[in-house]
Amino acid sequence: MRYAATITGTGRTFPEKRVTNDDIVDRLEKGCITTDDQWIRDRTGIRERRFSSLKNPDEHNSSLGVAAARRALDMAGRTPGEIDQIIYATCSPDTLLPSTACWLQHKIGATQAWAMDINAACSGFIYGLATAEKFIQSGQTLTALVVGAEVLNPFINWRDRGSCIIFGDGAGAAVVERTEHDSPARILSSHLLSDGNLWEMLHIPAGGSSMEVTPDHFSKNLHKIHMHGKEIFKVAVRTLAEFATRSLESNGFTIDDLDWFIPHQANFRIIEAVAKRLRCPMERVVVNVDRYGNTSAATIPTALDEAVRDGRIQKGQLVLLDAFGAGLTYGAILMRW
Ligand code: UT7
C-alpha cells in the first residue's frame with residue numbers, strides 16, 4: 001500500500017435548544033407515562049441533550065453538518081473546493097432524495113467532490129471513515145470530508161419511556177487526507193461487521209418504501225423509533241469490548257498502549273461496563289453522553305473533536321474509535337494521532 005489516511009481536522013456543532021431530563025418528564029407526563037430525572041441519570045448518565053428546531057433551516061441535519069465541516073476544514077487549513085469526496089453518515093436525512101451529502105455539498109460549495117450518504121446508524125461515522133480511508137489508500141481520493149450528523153428528535157417515540165430519554169441531535173466532522181503509508185500519524189486499521197438478523201432491536205417500521213405512513217400507521221406510532229433497550233445493552237457491551245480487543249490485537253497492541261478510547265455514546269453504563277471488561281481506566285475514556293445524549297452517528301466525531309480541541313488528544317497518541325448501532329452494525333478504527 002503506497003498511501004495511508006490521516007485526520008487533519010475535526011469539528012462539531014449542536015443545536016441551541018437544551019432539553020433537560022425535567023423537560024422530558026414534562027413532555028412524557030402529557031402522554032400519561034412517567035419517568036424522572038434521577039432514573040434517567042442513574043440508568044443512562046444523561047443530564048441533557050440538544051434538539052434541533054425543525055422550523056429553523058440553520059438547524060436542519062445538513063446545516064449542522066455544514067457548521068461542523070467548516071470547523072474541521074478550518075483546522076485542516078482546507079477550503080471546500082479542495083474536498084474530492086464527501087461521506088455523510090446519518091439515519092435521519094434531511095430528505096430521502098437527494099442525499100444529505102448533496103445538501104451539504106450544495107450549502108458548502110464543494111464543487112469538486114462526489115458525495116454520498118451512509119446509513120449504518122450509530123456506527124455510521126466509523127463506516128464513513130473506513131470508506132474514506134480505502135479510497136485514499138487506493139489513490140483515488142486526496143481529501144475526504146466525513147460527517148456524522150443526526151436530527152433524531154422528529155423520530156423519538158414519546159410513547160416509549162425506554163427510548164425517548166436517550167436520543168439527541170448534533171453533528172461532527174473530520175477532514176481525512178492522504179499521507180505516506182508509513183507516516184506516524186495515520187489510521188492503522190478498521191474492522192467492520194453487521195448482523196441484519198438483529199434488525200428488530202432498533203428500527204423505524206414505517207416511512208420507507210416497504211411501509212408508507214398511513215393514518216393507521218401514524219396512530220400506532222410506526223413512523224417512530226422502536227427499540228429493545230435491554231437486549232441491545234447486552235449486545236453492545238459484548239461487541240464493543242470484542243471490537244476494541246480485535247482492533248488492538250491485530251496491530252500488536254494491548255489496552256495499556258491505548259491513550260484514548262472513544263466508544264459510541266448510547267448510555268454511560270454501557271461505556272463503563274465496556275471499559276471495565278477491557279480494563280481501561282475511565283480517565284482514558286472520552287465521554288459526552290451526559291451533555292448530549294445519544295446522537296447516533298454524531299457521538300464519536302463530536303467526542304473526538306472535543307478531546308482534540310481541549311488538548312486531551314496529543315500528537316503521537318493511540319486513539320480507538322468503537323461503535324455499535326441499528327442494523328445491528330459494529331465497527332472500530334484504531335489510529336495514531
Ligand atoms: O445507540 C442506539 C442503541 N441503543 C442503545 O444502546 C440503548 C441500550 N439500552 C439502554 O440504554 C437501556 O436498556 C435503557 C436506558 C433503554 C433502559 O435501561 P434499563 O436499565 O435497561 O431498564 P429496563 O429496560 O431493564 O427497565 C427496567 C425498569 C422497567 O420497569 P419494571 O418492568 O421493572 O417495572 C421499565 O419499565 O425500568 C422501567 N423504565 C423506566 N422507568 C422510569 C424504563 N424506562 C424508564 C424510564 N423511567 N425512562
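For ligands, and for the atoms within them, numbers begin at 1 and follow the listed sequence. Heads up: numbering here begins at 1 and tracks the sequence.
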- For atom 20 (O) of ligand 1, closest protein heavy-atom neighbour: Arg43 NH2, 2.8 Å
- Is there a heavy atom of Arg269 sitting under 4.0 angstrom from any atom of ligand 1? yes
- Check whether any N or O atom of Thr44, backbone or side chain, sits under 3.5 Å from an N or O atom of ligand 1, and answer yes or no. no
- Heavy atom of the protein closest to atom 16 (C) of ligand 1 (residue, atom name, distance): Gly162 O, 3.2 Å
- Measuring to protein heavy atoms, does anything land under 4.0 Å from atom 27 (C) of ligand 1? no
- With a cut-off of 6.0 Å (strictly less than), are more than 12 heavy atoms of other residues, nucleotides or ligands near CH2 of Trp337? yes
- Message: With a 4.0 Å cut-off on heavy atoms, is Ala236 in contact with ligand 1?
- Response: no
- Message: Counting the benzene-type ring for Trp, do His181 and Tyr3 have ring centres under 6.0 Å apart?
- Response: no
- Ranking Trp39, Phe233, Phe167 by closest non-hydrogen atom to atom 17 (C) of ligand 1, top hit is Trp39
- Does even one non-hydrogen atom of Ile270 get within less than 4.0 Å of ligand 1? yes
- Task: Considering only NZ, NE, NH1 and NH2 on the basic side and carboxylate oxygens on the acidic side, decide whether Glu242 and Arg238 come within less than 4.0 Å.
- Result: yes
- Does even one non-hydrogen atom of Ile165 get within less than 4.0 Å of ligand 1? yes
- Task: Indicate yes or no: does Asp290 engage Arg47 in a salt bridge with an N to O separation below 4.0 Å.
- Result: yes
- Message: Less than 4.0 angstrom from a charged side-chain N to a carboxylate O is my criterion; do Asp216 and Lys220 meet it?
- Response: yes
- Message: Under 4.0 Å and counting heavy atoms only, is there anything from the protein next to atom 31 (P) of ligand 1?
- Response: no
- Query: Does Glu306 come within less than 4.0 Å of Arg312, counting only side-chain N to carboxylate O?
  - Reply: yes
- the protein heavy atom lying closest to atom 5 (C) of ligand 1 turns out to be Ile232 CG2, 3.8 Å
- Full working for side-chain hydrogen bond (donor to acceptor under 3.5 Å, both in side chains) between Thr90 and Glu150: CA-CA 6 Å; Thr90 190; Glu150 305 285 1; 3.0 Å; yes
- Note on the structure: for atom 29 (C) of ligand 1, nearest protein heavy atom and its distance come out as Arg161 NH2, 4.7 Å
- Distance below 4.0 Å between atom 1 (O) of ligand 1 and any protein heavy atom? yes
- Task: Kindly indicate whether atom 37 (O) of ligand 1 is approached by any protein heavy atom to under 4.0 angstrom.
- Result: yes
- Task: Just go through Cys122, Ser163, Gly229 and tell me whose heavy atom is the nearest to atom 8 (C) of ligand 1.
- Result: Gly229
- Message: Looking at Arg309 and Asp305, is any side-chain nitrogen of the basic one under 4.0 Å from a carboxylate oxygen of the acidic one?
- Response: yes
- Query: Which protein non-hydrogen atom lies closest to atom 12 (C) of ligand 1, naming both residue and atom, and how far is it?
  - Reply: Asn267 ND2, 3.8 Å
- Item | Thr6 and Thr179: side chain donor to acceptor below 3.5 Å | no
- Task: Verify the distance criterion only: is there a donor paired with an acceptor across the side chains of Thr143 and Glu82 at less than 3.5 Å?
- Result: no
- Establish, from distance only, whether the side-chain atoms of Lys107 and Ser63 form a donor-acceptor pair under 3.5 Å. yes
- Distance in Å, Asn251 CG paired with Leu318 CG, rounded so as to fall on 0.5 Å steps: 8.0 Å
- Item | Identity and separation of the nearest protein heavy atom to atom 23 (P) of ligand 1 | Lys230 NZ, 4.2 Å
- Query: Looking at atom 34 (O) of ligand 1, would you say a protein heavy atom lies below 4.0 Å from it?
  - Reply: no
- Query: Looking only at protein heavy atoms, which one is nearest to atom 7 (C) of ligand 1, and how far off is it?
  - Reply: Met227 CE, 3.7 Å
